[in-house]
Amino acid sequence: MTKEENEKRLAYLKGIVSRLPEKPGSYQYYDENHTIIYVGKAKNLKARVSSYFHTEVDRYKTKVLVSKIHDISYTVVNTEEDALLLENSLIKKYNPRYNVLLKDGKTYPSICITNEYFPRIFKTRTINKKWGTYFGPYAHGIAMQAVLNLIKELYHPRTCNTAITKEGIESGKYKVCLDYHIKKCLGPCVGKQSAEDYQKNIQQAREILKGNTRQVLRNLKEEMLKLSEELRFEEADEVKRKYLALDHFVSRSEVVSHTINNVDVFSITSDEKMAFINYIHVSNGSINQSFTIEYKKKLNETDEELLQLGIIELRQRFKSDAKEIIVPETVDVELENVTFTIPQRGDKKTLLDLSIQNGKQYKLDRLKQAEKLNPEQKQTRLMKELQDKLHLPKLPYHIECFDNSNISGQDAVASCVVFKAMKPSKKDYKHFNIKTVEGPDDYASMKEVVHRRYTRLVNEEQPLPDLIIADGGKGQMEVIRQVIQDELNLDIPIAGLAKDDRHRTNELLYGFPPIHVALKTDSELFHVLTHIQDEVHRFAIEFHRNKRSKRALHSELDDIKGIGPKTRDELLNALKSVKKIREAELPTLSDIVGQAKAQIIYHHFHPTET
């Protein structure tokens, strides 16, 4: 590979890394033949994968691996534990060259509930569905053991291996063991606990292992409160411990389920121009394939039509013979001996949600890639999003935002920042000294500034903004409306950005009377709007600070008769502050500016001395 080819390869890979989500998941590296050579897991995909491409990486084996990478793919999951399980599943299927071989053939442990008359509950690495129902696997043994211990404390399932039968109990065949005497078992083998009560406990244990803990937690909380009301605090504390243990440790894997085998999962994410179809294959309870394809729409094809095409193409591409296909909606496809399922809850619904999540992430990645090549596309998208949110008559290309700054009404100023195509246009920023308002009156100051700004723009026939944003709530918006609509008779949309008690932007307002406009705080549009707000605030504070500083200096030095700017600057450069100039002795001043000027300055600050 030439140097130019290698640089091109690294640039391509770093482009993929820059678009990776900051979410947990599994990542796969491919060689030049598109064969998987490494599978990894990550709590944060972007941070983990980017670490391979840092210049300071000094491990020889890592450098060799990076030199072989020609492409990267990934699968997003919801937890770090699921990322670990998915990594394990993919390593076993593909046996990548640079992964540690799983020579012992071990897998992560699961929890089994047997099919016996009085079922047992225990951990195991061996899966045989004839024995019972399996839950897991668990990537973290501590979490699994915590769940087992909790179930034992709550429901006391038997731990012996005795093959208990109804007839044996009735004939008195069995005897209680030590667990009964130390209250770890309720003695079902001798009829001390009924089969109905035992099965009821086992059913609740199943719900915990399935992750359906809400009712169990609710019951524990009610018991805890009841014991507290009865002043039985020690017992209440024990129930609280169980409640917290259940709340903290019970978790379910979304990428592995022993109840699902040889199943295909398809989902579709689309917009006006493109459709993205994600495919997940589950075999032996584990996800071992995740892939997304895209279609460019030409004839306004529906999601159903494109999903049909995707199902046929992907099953052929990956040679799938799954007898069940999970889909989000009805599809008009008939495949021999294949059942289509639209799940509403449970493990299959979880897998469908995971497929949808990966499809959306792939679409976002493609959008980021396109916008990186064409930055104007991103700006247009954000302007279109804001236009749709506020129902504006045209794209808000030109946006202006106002803010005031003063301290108890002193040195009152205001600022106007201008954004064009969602970017700061700093050459168009404006400062205003408040001229007609006495005291700290923000509304009156805003009214003056807005009137001056747009009267001038109209008189000079300059372009007006497509949107005005008030750095404040309903009050500021109303003041601007009075000037724009009532006084100047202009038709400019007005929005407001309000802040919460912690001075953080928390809502977008629009219309009269103003209404709240739904906007996700982690969206790109929200970040742009808060940037506008932060920028106008920064610009106003900066101007106010400069004005205040100039006034402070002027009052102390510039009013001294016979002392000009040059002498003032010499003093400040030498002594750094007006305070030190005031405290300086006459010889010190003489050394800096000469005896004659030193006398003038010294007597100005010490008029009582002769």
Side-chain angles (χ1 to χ4, degrees), residues 25-26 28 34-36 39 73-78 82-83 85-96 107-108 110 127-130 133-137 210 252-270 275-295 303-362:
S26 172
Q28 301 87 46
H34 213 261
T35 300
I36 294 179
V39 173
S73 68
Y74 66 90
T75 302
V76 172
V77 294
N78 287 324
D82 281 345
L85 294 168
L86 181 56
E87 176 200 39
N88 181 63
S89 174
L90 294 175
I91 289 175
K92 286 182 176 180
K93 178 176 180 181
Y94 295 107
N95 194 19
T107 184
Y108 292 105
S110 298
I127 307 300
N128 187 336
K129 294 183 180 179
K130 293 181 180 179
T133 305
Y134 294 84
F135 301 88
K210 287 180 181 178
R252 297 192 62 245
S253 169
E254 295 188 348
V255 301
V256 181
S257 172
H258 294 305
T259 63
I260 300 177
N261 180 41
N262 198 21
V263 170
D264 287 338
V265 186
F266 290 91
S267 67
I268 184 168
T269 303
S270 67
F276 305 89
I277 297 174
N278 178 260
Y279 165 66
I280 287 177
H281 180 70
V282 181
S283 178
N284 296 320
S286 301
I287 292 177
N288 55 31
Q289 187 68 60
S290 179
F291 190 77
T292 303
I293 59 172
E294 58 183 279
Y295 286 118
D303 283 359
E304 182 184 354
E305 291 171 337
L306 294 173
L307 187 56
Q308 293 171 15
L309 290 173
I311 290 173
I312 301 301
E313 179 177 339
L314 288 166
R315 277 175 65 89
Q316 289 177 349
R317 181 183 300 190
F318 293 101
K319 298 179 175 57
S320 172
D321 60 355
K323 301 302 180 185
E324 182 179 6
I325 299 177
I326 297 173
V327 288
E329 58 188 50
T330 303
V331 290
D332 187 16
V333 175
E334 290 187 8
L335 300 175
E336 187 176 357
N337 298 323
V338 174
T339 302
F340 285 87
T341 303
I342 305 175
Q344 302 300 317
R345 61 183 66 85
D347 292 344
K348 294 179 181 179
K349 180 63 166 61
T350 300
L351 281 171
L352 179 61
D353 291 341
L354 188 63
S355 175
I356 293 171
Q357 182 181 357
N358 276 275
K360 289 181 178 179
Q361 187 62 53
Y362 185 89

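All heavy atoms count here, side chains included; hydrogens, waters and symmetry mates do not. One is the number of the first residue; the rest follow in order along the sequence.
- Within the structure, salt bridge (Lys or Arg N to Asp or Glu O under 4.0 Å) contacts touching residues 319-329 (residues at least two apart or in different chains) are E324-K348.
- Using a distance-only test at 3.5 Å, with no hydrogens or angles considered, no donor-acceptor pair links the side chain of T341 to the main chain of P343.
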Pair E305-L309, side-chain contact (heavy atoms from CB on, under 4.5 Å): steps then yes or no: CA-CA 7 Å; E305 291 171 337; L309 290 173; 5.9 Å; no

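- With sequence neighbours excluded, the residues forming a ring-ring contact (aromatic ring centres under 6.0 Å, His included) with Y279 are F266, F318, listed by chain and number.
- Each of I326, V327, N278 was scored for a side-chain contact (heavy atoms from CB on, under 4.5 Å) with V265, with one residue passing: I326.
- Annotation for V39 and E87: closest pair O-OE2, 3.7 Å, computed over non-hydrogen atoms.
- Nearest heavy-atom pair across T269 and G359 is OG1-C, 3.8 Å.
- In terms of heavy-atom proximity, G310 sits nearest to I293 at CA-CD1, 4.2 Å.
- Within the 3.5 Å criterion, the main-chain N or O of I280 finds no donor-acceptor partner in the side chain of S355.
- A donor-acceptor pair under 3.5 Å is formed between the side chain of N358 and the backbone N or O of V76.
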Full working for side-chain contact (heavy atoms from CB on, under 4.5 Å) between L335 and I312: CA-CA 9 Å; L335 300 175; I312 301 301; 3.8 Å; yes

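- The shortest heavy-atom contact between S320 and D264 is OG-OD2, 2.6 Å.
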